[in-house]
Structure formats: structure tokens, C-alpha cells
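Single-structure report; data block below.
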Amino acid sequence: MRIAILCLQGAFLEHEQRLQQLGVETFRVRQLADWLQPKDGVVLPGGESTSQTHLLHDLQLYDPLRDELRNGLPAFGTCAGLILLSSSHLGTMDIAVRRNAYGRQLGSFHTTADMGEVGSAVPMTFIRAPYIERTLSPQVNVLAEVDGHIVAAQQGAQLVTAFHPELDSDTRVHKHFLSMVQQRSAAHV
């Protein structure tokens, strides 16, 4: 299994460490030539979604990324990655989001919550996080809520979290993503 990690900004190094801890080969995507390598899935880390969108366009990565996602490439978006996958950006997940929903950096917090099939008491670190205001189709499966707001969801081969699981030692969210990648690979053999 080989996972691409979008490395335009954000906590990509921490995602890389979590995946390598689970024995997964990763590679960094900083330009189109990187993206064109064989891959089984992609991680879209946190950062600033507007800047990442501009960089995706400037680096000619926007259309190739969107096209592969629409063709079923498994994706895991955290924080800004959640925003990028939403209906208002790449448009590959049927979700409407509220950016910076938890306020400025000082509004950052840590909690635990149940996350459906991923498990109970999943640690969740929120940093100027968005949340999902609403789902736009029945294909979106809500996995977790915090204070009445959707903070994790899955649609097909795409997983999003408003929080940063890469910043905690718990690897269950990353394992869930890898199981999604394996399911897709098995279905296409």
C-alpha cells in the first residue's frame, strides 16, 4: 500500500509518521510530477484551505486531484483537508462546512468522542477547526459529533475529520482510512 500526502502546508509530517508507524509506505506531493506516481490513497492535511486551494491551482494539481477523487481514489482530509473535499471546493464530498467554526487559535481544544465503527473515546484535537454544517446527500455517513456539530464523516472512499488525529498517539482513525483503502483495492482486483 502506498499513500500520497499532500505537502503544501499543515501537519503533513505527523500524518506521514502515523502512517509509517502502521507500516505504510508514503510519499510527499509538492508538485504535479509527485502526484503522477502510483498511489492507493491520499491524505489532505490541515493548514489554511484558501492558501492550499491557490497552491493546488498554481501547481496544476487541482484538476488531477479532483479527477482521481471523482474516480474513487480514497482520501483522508483533516481540518483544511475536510474543507478542500467539501462541496464548495473540490466538490467530491456532499458536505457544507463552516470554516474556523471554533474560533481563533485560542479556541483550540482537546476532547474525546465516540466515532462509530472507528471506536469509542477517540481523542480529538481541534485547532481553529471547521465543522460540517450539514450533509447534502444520504451517501454521507456521519461518524462523530461534538457539541451537536458534525466533526467526522465518510462518503464512499473519502473520510474527513474536523480534528487532527495525527497529533495524538491513537492510530484508530488512520487505521480506519487504511481499511477503506484496502476495501477499494480488493474491489478492484
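This one's a predicted model, so the numbers in the text were calculated from it and none came from an experiment.
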Looking only at heavy atoms, the pair that brings Pro74 and Asp40 closest together is CD-O, 3.3 Å

Do you know the tightest heavy-atom contact between Ala162 and Tyr131?
CB-CA, 4.4 Å

Find the distance between CZ (Arg18) and NZ (Lys175) and round it off to the nearest 0.5 Å.
11.5 Å

State, to 0.1 Å, how close Ile127 and Ser108 come at their nearest heavy-atom pair, and which atoms those are.
CA-OG, 3.3 Å

Taking it one step at a time, do Ile83 and Thr53 satisfy side chain to side chain contact (heavy atoms under 4.5 Å, CB included)?
CA-CA 10 Å; Ile83 296 168; Thr53 300; over 6 Å; no

For a quick test of reading the model, state the closest non-hydrogen atom pair linking Gly47 to Gln52 and the distance between them.
CA-NE2, 3.6 Å

Between the CG atom in Leu19 and the CD atom in Glu25, the distance rounded to the nearest 0.5 Å is 11.5 Å

Hey, could you give me the CZ/OG distance between Arg184 and Ser179, rounded to the nearest 0.5 Å?
14.5 Å

Name of the residue among Ile132, Thr92, Val97 meeting side chain to side chain contact (heavy atoms under 4.5 Å, CB included) with Ser86
Val97

For the backbone of Arg172 and the side chain of Asp170, can you confirm whether one donor and one acceptor N or O come within less than 3.5 Å of each other?
yes

What distance separates Thr78 OG1 from Phe177 CZ, expressed to the nearest 0.5 Å?
11.0 Å

Can you tell me if Ser87 uses its side chain to pair, donor with acceptor, with the backbone of Ile95 under 3.5 Å?
yes

Between Arg28 (side chain only) and Asp34 (backbone N and O only), is there a donor and an acceptor less than 3.5 Å apart?
no

Any side-chain heavy-atom pair of Leu159 and Leu143 under 4.5 Å:
yes

Plane angle bin for Phe109 and Phe126 - parallel if under 30°, tilted between 30 and 60°, otherwise perpendicular
parallel

Using the rule given for side chain to side chain contact (heavy atoms under 4.5 Å, CB included), can you reason through Glu166 versus Gln17, listing the C-alpha separation, both sets of side-chain angles and the distance that settles it, and then say yes or no?
CA-CA 8 Å; Glu166 74 279 8; Gln17 290 170 341; over 6 Å; no

If I compare all heavy atoms of Met115 with all of Ala152, which pair ends up nearest, and what's the gap?
CE-CB, 3.7 Å

CH2 of Trp35 to CG of Leu59, rounded to nearest 0.5 Å, is 13.0 Å

Distance-only, no hydrogens or angles: does the Asn141 side chain make a donor-acceptor pair with backbone N or O of Ala153 under 3.5 Å?
no

Please evaluate residues Thr26 and Val43 with respect to the criterion side chain to side chain contact (heavy atoms under 4.5 Å, CB included), reporting the C-alpha separation (whole Å), side-chain torsions for both, the decisive distance (0.1 Å), and the verdict.
CA-CA 10 Å; Thr26 64; Val43 172; over 6 Å; no

Gln60 side chain to Leu32 main-chain N or O, any donor-acceptor pair under 3.5 Å?
no

Are Leu136 and Leu85 connected in a single hydrophobic cluster, I mean Ile/Leu/Val/Met/Phe/Trp/Tyr linked by side-chain heavy atoms less than 4.5 Å apart?
no

State, to 0.1 Å, how close Ala75 and Leu44 come at their nearest heavy-atom pair, and which atoms those are.
CB-CD1, 4.2 Å

Flag, side chain of Gln155 to backbone of Val160, donor-acceptor distance under 3.5 Å
no

Could you tell me if the side chain of Leu69 sits less than 4.5 Å from the side chain of Val42, heavy atoms only?
yes

With no hydrogens and no angle check, just 3.5 Å: does a side-chain donor-acceptor pair link His176 and Gln154?
yes

Expected output: side-chain Arg2 to main-chain Phe27 donor-acceptor under 3.5 Å:
no

Could you walk me through whether His89 and Arg66 satisfy the side chain to side chain contact (heavy atoms under 4.5 Å, CB included) test, starting with their C-alpha distance in whole Å, then the side-chain angles of each, then the deciding distance to 0.1 Å, before giving a yes or no?
CA-CA 10 Å; His89 285 72; Arg66 186 190 62 215; over 6 Å; no

N/O donor-acceptor pair under 3.5 Å between Gln9 side chain and Glu48 backbone:
yes

Point-to-point distance, once rounded to the nearest 0.5 Å, from NE2 of His149 to CD of Glu133:
9.5 Å

Any side-chain heavy-atom pair from Phe76 and His174 closer than 4.5 angstrom?
yes

Within the 3.5 Å criterion, strictly below it, is a donor on Thr171 or Gln21 matched to an acceptor on the partner's side chain?
no

